Amino acid sequence: MKIVQANSGVLTNFDVLKFLESRGASEDSARVFSDVTPSENKVYGYLFGTPARGQTTENINEFKEKCKKYDLAEAEVLNIINTRPSSIVGIYPLIENCDLRLGDTVEELVELVVEVFPPHPPAKTVENDAKTTNVEKIEDQNDNDEGKPENEEEMETIDGS
């Protein structure tokens, strides 16, 4: 691999996700048949659960064009694209001196984000018991126990009875 131009620009999570997909990364490491490292699969798995999964090049470019009027730094735009905040509370930590710089237009910016980008992807659902986490199994077991110990012989009281 030859570096054509070093540090030519910043990458969004969407860009990294698409790059990893082109290399053959997958959430299911058993289905990977390419030269993808385990760490690349982990990054892919993480990014697949972020707003980057539903984004397109078109809506990223549309957002960059429409948000020029807010005079945001490149890093601020990148953070908004990557996190897709859907409320004013989500915007404030991403923009330095948000009150002073944006004033009343913060709400417009939030509306722009919600309008241009698709909503956050839904959380993964558990399809069968084989994928149930240990926490879920313990919670189910505790619900079935109804507060009674499984083996009363193991329980001791202070007086030894």
Side-chain angles (χ1 to χ4, degrees), residues 1 3-32 34-140 142-143:
M1 181 196 268
I3 298 174
V4 178
Q5 184 177 2
N7 296 325
S8 63
V10 296
L11 297 174
T12 64
N13 288 349
F14 170 78
D15 296 327
V16 175
L17 185 68
K18 292 304 168 196
F19 171 74
L20 291 173
E21 282 178 352
S22 72
R23 289 191 30 91
S26 170
E27 279 190 294
D28 183 9
S29 58
R31 296 187 335 185
V32 176
S34 63
D35 296 327
V36 179
T37 65
S39 61
E40 288 174 325
N41 276 326
K42 293 272 187 190
V43 170
Y44 178 83
Y46 167 75
L47 291 176
F48 195 76
T50 66
R53 180 172 90 190
Q55 294 174 346
T56 64
T57 305
E58 290 78 25
N59 46 23
I60 289 173
N61 291 336
E62 178 184 352
F63 178 76
K64 285 181 179 180
E65 190 62 38
K66 288 183 176 182
C67 77
K68 284 182 180 180
K69 69 179 182 179
Y70 300 105
D71 195 33
L72 300 173
E74 185 177 19
E76 293 168 336
V77 173
L78 182 70
N79 280 326
I80 292 171
I81 292 169
N82 287 342
T83 59
R84 195 214 174 266
S86 57
S87 67
I88 294 174
V89 174
I91 289 280
Y92 268 80
L94 303 178
I95 300 173
E96 189 174 347
N97 299 322
C98 192
D99 272 344
L100 299 173
R101 292 174 52 204
L102 297 181
D104 296 335
T105 61
V106 176
E107 291 176 13
E108 284 179 28
L109 181 59
V110 171
E111 290 171 10
L112 176 64
V113 171
V114 171
E115 172 192 323
V116 172
F117 293 119
H120 284 282
K124 294 180 186 177
T125 58
V126 178
E127 293 182 20
N128 59 34
D129 288 340
K131 292 183 180 180
T132 304
T133 64
N134 288 337
V135 173
E136 290 169 332
K137 288 178 184 176
I138 291 169
E139 287 174 353
D140 289 342
N142 288 342
D143 290 343

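Counting from 1, the numbers follow the sequence of the chain as shown. Atom set for the values below is all heavy atoms of this structure, side chains included, hydrogens, waters and symmetry mates excluded. Bear in mind the structure is a predicted one, so any value in this text is a computation, not a measurement.
- At least one donor-acceptor pair under 3.5 Å links the side chain of T56 to the backbone N or O of N59.
- We find the CG-CD distance between N79 and E74 to be 11.0 Å, quoted to the nearest 0.5 Å.
- E21 and K18 make their closest contact through OE1-NZ, 3.1 Å (heavy atoms, listed as atom of the first residue, atom of the second, distance).
- Interatomic distance, R84 CZ to Q55 CD, rounded to the nearest 0.5 Å: 9.0 Å.
- In this structure, A52 and L47 approach most closely via the heavy-atom pair CB-O, 4.3 Å.
- Once rounded to the nearest 0.5 Å, the distance linking CD of E62 with CD of E65 reads 10.0 Å.
- In Y46, the OH atom is not crowded: 12 or fewer heavy atoms of neighbouring residues, nucleotides or ligands sit closer than 6.0 Å.
- Here the CG-CD1 distance, from L94 to I81, works out to 11.5 Å after rounding to the nearest 0.5 Å.
- Closest heavy-atom contact between P93 and G90: CD-O, 3.6 Å.
- At distances below 3.5 Å, at least one donor-acceptor pair connects side-chain atoms of E76 with backbone N or O atoms of E96.
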* Does the side chain to side chain contact (heavy atoms under 4.5 Å, CB included) test come out yes or no for Y70 and L112, once each step is laid out? -> CA-CA 11 Å; Y70 300 105; L112 176 64; 4.1 Å; yes
* Test side chain to side chain contact (heavy atoms under 4.5 Å, CB included) on I60 and F117 and set out the steps. => CA-CA 8 Å; I60 289 173; F117 293 119; 4.0 Å; yes
* To do: Report the C-alpha distance between F19 and L11 in whole Å, list the side-chain angles of each, state the deciding distance to 0.1 Å, and finish with yes or no for side chain to side chain contact (heavy atoms under 4.5 Å, CB included).
  => CA-CA 10 Å; F19 171 74; L11 297 174; over 6 Å; no
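- When all heavy atoms of P118 and G54 are compared, the pair lying nearest together is CG-O, 3.0 Å.
- Atom-to-atom distance recorded for L102:CG and I91:CD1 is 8.0 Å, nearest 0.5 angstrom.
- A donor-acceptor contact shorter than 3.5 Å links the side chain of N61 to the backbone of T57.
- When atom types are taken as modelled, the side chain of N82 and the backbone of N13 share a donor-acceptor pair closer than 3.5 angstrom.
- With a 4.5 Å cut-off on side-chain heavy atoms, I95 and L72 count as touching.
- For the pair D71 and R101, the tightest heavy-atom approach, listed with the atom from each and the gap, is O-NH2, 3.2 Å.
- The distance from atom CZ of F14 to atom OG1 of T50, rounded to the nearest 0.5 Å, is 11.0 Å.
- Between P85 and I80, the shortest heavy-atom distance links the atoms CD-O, 3.5 Å.
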